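Read the structure below first, then the notes.
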Amino acid sequence: MVELQEEAEKKVRALLIGSKTEPKELKGLIDTLGMETSSTMILTRIEPTPAYGIGKGKVTEILDKAKEVFADCIIFDWDIAPTKQRNWEKASGIPVFDRNEVILRIFAQRAQTKEAVLQVELARLTYSLPRLSHMYGDMARQRGGSYGAKGSGETQLELDRRQVEEKIIQIKKELSQVQTNRDTQRKQRERTETASCALVGYTNAGKSSLLNALTGADVFVEDKLFATLDPTTRKLSLAEGSSVLITDTVGFISNLPHTLINAFKSTLDEAAKATLLLIVVDASDENCMAQYEQVLHVLKEIGADSVPSLIVLNKTDRLLEQTEEAELKIAQLDAAFPGAIKISAKTKAGFEELLQTITERLLGSEHVLLVPAERSDLVELTRKNGTILEEEWLDDGVHLTARIPDGSRTLALLASYEVV
């Protein structure tokens with residue numbers, strides 16, 4: 001009985017195949033999925049071939065390695081075409097898949113809300129459609145036909161393909177309704193003129209931890225890739241009694257499957273429609289610059305690259321623990337990310353500067369104004385489009401201290417009344 005339980009709890013052992021460099025990120029994905037890395041192989045040179053994508057010598061080497069380390073599956077750190085995947089599985093006798101399928105499986109595990117479940121299911125079906133044939137051995141079986149009938153019937157593959165295509169159409173309809181509901185909610189927020197921030201960044205950069213620390217939310221946090229998938233929106237209180245809505249979005253990753261980008265479009269629209277993007281970067285990660293570039297790439301794909309943004313360097317507390325190299329690394333970060341705000345979601349260091357910068361970027365800078373009493377229309381315009389901090393009506397006019405969005409028409413109309 002104990003042996004059966006141990007067998008059931010035994011982790012799936014995976015042989016990871018990387019290209020040119022150690023597949024560190026793939027290891028993180030495997031760990032998140034609950035698998036165990038039995039060994040890794042790095043291919044420094046790949047000779048493309050029709051059957052396997054690499055030369056026969058390397059194929060034999062990989063298959064021998066899989067047997068040697070008792071691997072339960074082989075995972076490649078790049079895309080594998082359906083036909084090549086089928087050939088690999090026939091040759092090895094164990095499951096073989098790529099990085100995209102690993103990410104899809106993680107998303108399927110982590111999805112909680114109905115919307116996320118639908119989005120992941122759509123991505124999974126879209127990805128699996130061209131791979132259906134590798135699930136069967138002999139596809140010559142016929143169903144639905146008989147001797148003398150109109151046709152020989154459909155193969156099991158054709159039936160399954162039709163069912164998958166119908167399911168995709170159904171899910172797209174349901175997601176379309178979700179998108180309509182989300183657009184309605186967004187229009188209601190726009191009518192109340194509530195500014196919004198979206199936390200975006202590479203997976204495991206600390207976005208959920210930052211949302212919790214800023215707003216007191218209780219979003220699930222774990223030191224693993226893609227700990228949270230479902231967007232969470234909370235109210236963030238700023239200075240002078242003002243507030244904004246801040247949304248935690250799904251993390252990005254290099255080579256994010258296009259099926260997932262398309263499926264999560266309604267969720268990612270929160271970033272595209274935000275007033276300000278907070279691009280969260282893990283300052284303690286040696287690859288933070290490359291991760292930042294990948295985030296910019298995805299933002300461009302979803303049409304959010306034109307939204308005003310603020311770079312937030314998170315996990316700086318980890319840098320300070322490395323006392324010997326801390327100064328050098330901080331100097332390198334300052335050079336790579338000029339104007340970025342350095343914070344720690346764990347210790348809340350740098351939060352005062354962060355909140356002040358968010359306030360200025362969303363509500364505008366502080367301006368001291370002296371408006372003629374007969375121009376009460378300008379006072380009302382300031383009240384409508386800005387935030388009045390102090391207001392005093394005296395004999396020489398209306399004395400105002402107000403935050404007004406930079407570059408706005410309101411600020412242009414009040415420029416001549418600003419007290420220097």
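We're numbering straight along the sequence, starting at 1. Small disclaimer: the values here were computed from a predicted structure and weren't measured.
Of all the heavy atoms in Leu362 and Cys197, the pair that sits closest is CD1-SG, 3.6 Å. In terms of heavy atoms, Glu391 sits closest to Arg383 at OE1-NH1, 3.1 Å. Nearest heavy atom pair, residue Ala274 against residue Ser196, reads CA-OG, 3.4 Å. Considering every non-hydrogen atom in both Lys207 and Tyr202, the closest pair reads NZ-O, 3.4 Å.
When atom types are taken as modelled, the side chain of Arg361 and the backbone of Ser309 share a donor-acceptor pair closer than 3.5 angstrom. Within the 3.5 Å criterion, the main-chain N or O of Lys172 finds no donor-acceptor partner in the side chain of Ser176. No side-chain donor-acceptor contact under 3.5 Å links Trp393 to the backbone of Ala373. Under the 3.5 Å distance criterion, the side-chain polar atoms of Asn314 are left unmatched by any main-chain donor or acceptor of Val280. No side-chain donor-acceptor contact under 3.5 Å links Thr203 to the backbone of Phe252. Checked by atom type and distance alone, the side chain of Arg403 never pairs as donor or acceptor with a backbone atom of Gly386 at under 3.5 Å.
If you check the side chains of Glu301 and His297, you find a donor sitting under 3.5 Å from an acceptor. With no hydrogens or angles considered, no side-chain donor-acceptor pair links Glu166 and Gln170 at under 3.5 Å.
With rounding to the nearest 0.5 angstrom, the CG atom of Leu355 is 6.0 Å from the CG atom of Leu236. For the atom pair CD (Glu121) and CG (Leu104), the distance works out to 10.5 Å, reported to the nearest 0.5 Å. Considering CZ of Arg124 and NZ of Lys167, their distance stands at 9.5 Å, rounded to 0.5 Å. Between the CD1 atom of Ile302 and the OG1 atom of Thr249 there is a distance of 7.5 Å, given to the nearest 0.5 Å. With values rounded to the nearest 0.5 angstrom, Glu366 atom CD is found 8.5 Å from Glu390 atom CD. The NE2 atom of His367 sits 10.5 Å away from atom CG of Leu389, with the distance rounded to the nearest 0.5 Å.
Salt bridge Glu101/Arg105: present, at least one basic N to carboxylate O contact under 4.0 Å. Using a cut-off of 4.0 Å between Lys/Arg side-chain N and Asp/Glu carboxylate O, Glu22 and Lys27 are scored as salt-bridged. Ion pairing between a basic and an acidic side chain is recognised when a charged N comes within 4.0 Å of a carboxylate O; Lys315 and Asp282 show such pairing. Of the charged side-chain nitrogens involved, none lies within less than 4.0 Å of a carboxylate oxygen, so that Glu165 and Arg162 do not count as a salt-bridged pair. A salt bridge links Glu61 with Lys58: the distance from a Lys NZ or Arg NE/NH1/NH2 to an Asp or Glu carboxylate oxygen falls below 4.0 Å.
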If you look only at distance, which donor and acceptor atoms sit under 3.5 Å apart when one is on a side chain in residues 339-346 and the other is two or more places apart or in another chain?
{"from": "Lys342", "atom 1": "NZ", "to": "Asp334", "atom 2": "OD1", "distance (Å)": "2.8"}
{"from": "Ser344", "atom 1": "OG", "to": "Asp317", "atom 2": "OD1", "distance (Å)": "2.8"}
{"from": "Ser344", "atom 1": "OG", "to": "Lys346", "atom 2": "N", "distance (Å)": "3.3"}
{"from": "Ser344", "atom 1": "OG", "to": "Thr347", "atom 2": "N", "distance (Å)": "3.1"}
{"from": "Ser344", "atom 1": "OG", "to": "Thr347", "atom 2": "OG1", "distance (Å)": "3.1"}

List the atom pairs, donor and acceptor, that lie under 3.5 Å between side-chain atoms in residues 70-78 and the rest of the protein, sequence neighbours left out.
{"from": "Asp72", "atom 1": "OD2", "to": "Arg13", "atom 2": "N", "distance (Å)": "2.8"}
{"from": "Asp77", "atom 1": "OD1", "to": "Arg99", "atom 2": "NH1", "distance (Å)": "2.9"}

TODO: Just do the side-chain hydrogen bond (donor to acceptor under 3.5 Å, both in side chains) check on Gln356 and Glu352 with the steps written out, would you?
DONE: CA-CA 6 Å; Gln356 178 65 26; Glu352 187 176 341; over 6 Å; no
Task: Derivation and outcome, salt bridge (charged side-chain N to carboxylate O under 4.0 Å, His left out), residues Arg86 and Glu89 - done: CA-CA 5 Å; Arg86 191 158 56 249; Glu89 290 187 339; over 6 Å; no
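For the side-chain contact (heavy atoms from CB on, under 4.5 Å) criterion with Leu199, the lone passing option out of Thr232, Leu277, Leu211, Thr247 is Leu211.
Under the salt bridge (Lys or Arg N to Asp or Glu O under 4.0 Å) criterion, Arg45 pairs with Glu47, sequence neighbours left out.
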